[in-house]
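Here's the structure, in structure tokens; my notes come after.
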Amino acid sequence: MDLKVRYEIEFPINSSPQLLYQYISTPSGLSEWFADNVNSRGEFFTFIWNDSQEKARLASKKSGEKVKFRWVDDNNKDTEYFFELNILVDELTKDVSLMVVDFARKEEVEEATQLWENQISDLKHVIGSV
């Protein structure tokens with residue numbers, strides 16, 4: 001079993017929390033920046049990139065605030081790994097940021113962080129937060 005470590009990255013995003021939530025919680029929103037295509041059937045989401053696909057279960061969500069997807073195996077059983085997208089709003093400045101919580105092998109955290117940076121850059125472009 002590959003042991004992965006948890007890491008977090010915060011990205012400032014010039015957007016309303018409500019708009020941002022649509023892009024992190026719906027198949028159509030996620031397919032605009034996160035994956036080439038995203039399909040959902042009930043609580044299960046299938047993320048498709050080029051020739052590969054991964055399946056996750058929408059483990060939890062809080063409208064306008066966060067979503068958590070737990071990766072599942074071929075039998076739709078939860079694995080120990082997940083990724084979470086949290087919308088943070090600064091109480092004083094009202095600045096909005098997106099906190100990403102994910103897992104990667106220790107030697108791949110830098111590469112995984114770079115991948116998230118590219119994907120969040122795409123997200124910012126889609127919502128006009130450049």
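In this chain, residues are counted from 1 in sequence order. Quick caveat: nothing in here was measured; it's all calculated off a predicted structure.
Looking at residues two or more places apart in sequence or on another chain, you find a salt bridge (charged side-chain N to carboxylate O under 4.0 Å, His left out) between Glu108 and Arg105. Residues passing the side chain to side chain donor-acceptor pair (under 3.5 Å) test with Ser31: none are found, sequence neighbours excluded. Residues that satisfy the side chain to side chain donor-acceptor pair (under 3.5 Å) test with Asn86, not counting sequence neighbours, are Glu84. Under the rule for a side chain to side chain donor-acceptor pair (under 3.5 Å), the partners of Glu8 that lie at least two apart in sequence or sit in another chain are Arg6. Checked against ring-ring contact (aromatic ring centres under 6.0 Å, His included), Trp33 has no partners two or more places apart in sequence or in another chain. The side chain to side chain contact (heavy atoms under 4.5 Å, CB included) check on Gln53 picks up Thr46, Ile48, with sequence neighbours excluded. With sequence neighbours excluded, the residues that form a side chain to side chain donor-acceptor pair (under 3.5 Å) with Asp90 are Thr93. In this view, Phe82 and Phe103 satisfy the ring-ring contact (aromatic ring centres under 6.0 Å, His included) rule, not counting sequence neighbours.
For residues 64-79, the side-chain hydrogen bond (donor to acceptor under 3.5 Å, both in side chains) pairs, not counting sequence neighbours, are Lys55-Asn76, Arg57-Asp78.
Clustering ILVMFWY residues whenever any of their side-chain heavy atoms sit less than 4.5 angstrom apart, transitively, puts Phe44 in a cluster other than the one holding Val38.
Side-chain heavy-atom separations under 4.5 angstrom define the hydrophobic clusters, and Leu115 shares its cluster with no other residue.
Contact record, Ala112 with Tyr7: CB-OH, 3.1 Å, taken as the closest heavy-atom pair.
Between the CD1 atom of Ile9 and the CD atom of Gln114 there is a distance of 10.5 Å, given to the nearest 0.5 Å. Taking CG of Leu30 as the reference point, atom CG of Asp36 lies at 12.5 Å (rounded to 0.5 Å).
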What pairs of donor and acceptor atoms, side-chain ones from residues 17-29 against any protein atom, are under 3.5 angstrom apart with sequence neighbours left out?
unit_1, atom_1, unit_2, atom_2, d
Ser25, OG, Tyr21, O, 2.6
Thr26, OG1, Gln22, O, 2.7
Thr26, OG1, Gly29, N, 3.0

Identify every side-chain donor-acceptor pair in residues 119-130 under 3.5 Å, counting partners at least two apart or on other chains, and give the distances.
unit_1, atom_1, unit_2, atom_2, d
Gln119, NE2, Phe34, O, 2.6
Lys124, NZ, Pro12, O, 3.0
Ser129, OG, Asn14, N, 2.7
Ser129, OG, Asn14, O, 3.3

Evaluation steps, side-chain contact (heavy atoms from CB on, under 4.5 Å), between Phe45 and Ser40: CA-CA 4 Å; Phe45 282 62; Ser40 71; 4.1 Å; yes
Evaluation steps, side-chain contact (heavy atoms from CB on, under 4.5 Å), between Leu98 and Ile87: CA-CA 5 Å; Leu98 187 64; Ile87 299 170; 4.0 Å; yes
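Using a 30° and 60° split on the angle between ring planes, Phe83 and Phe69 fall in the parallel class, below 30°.
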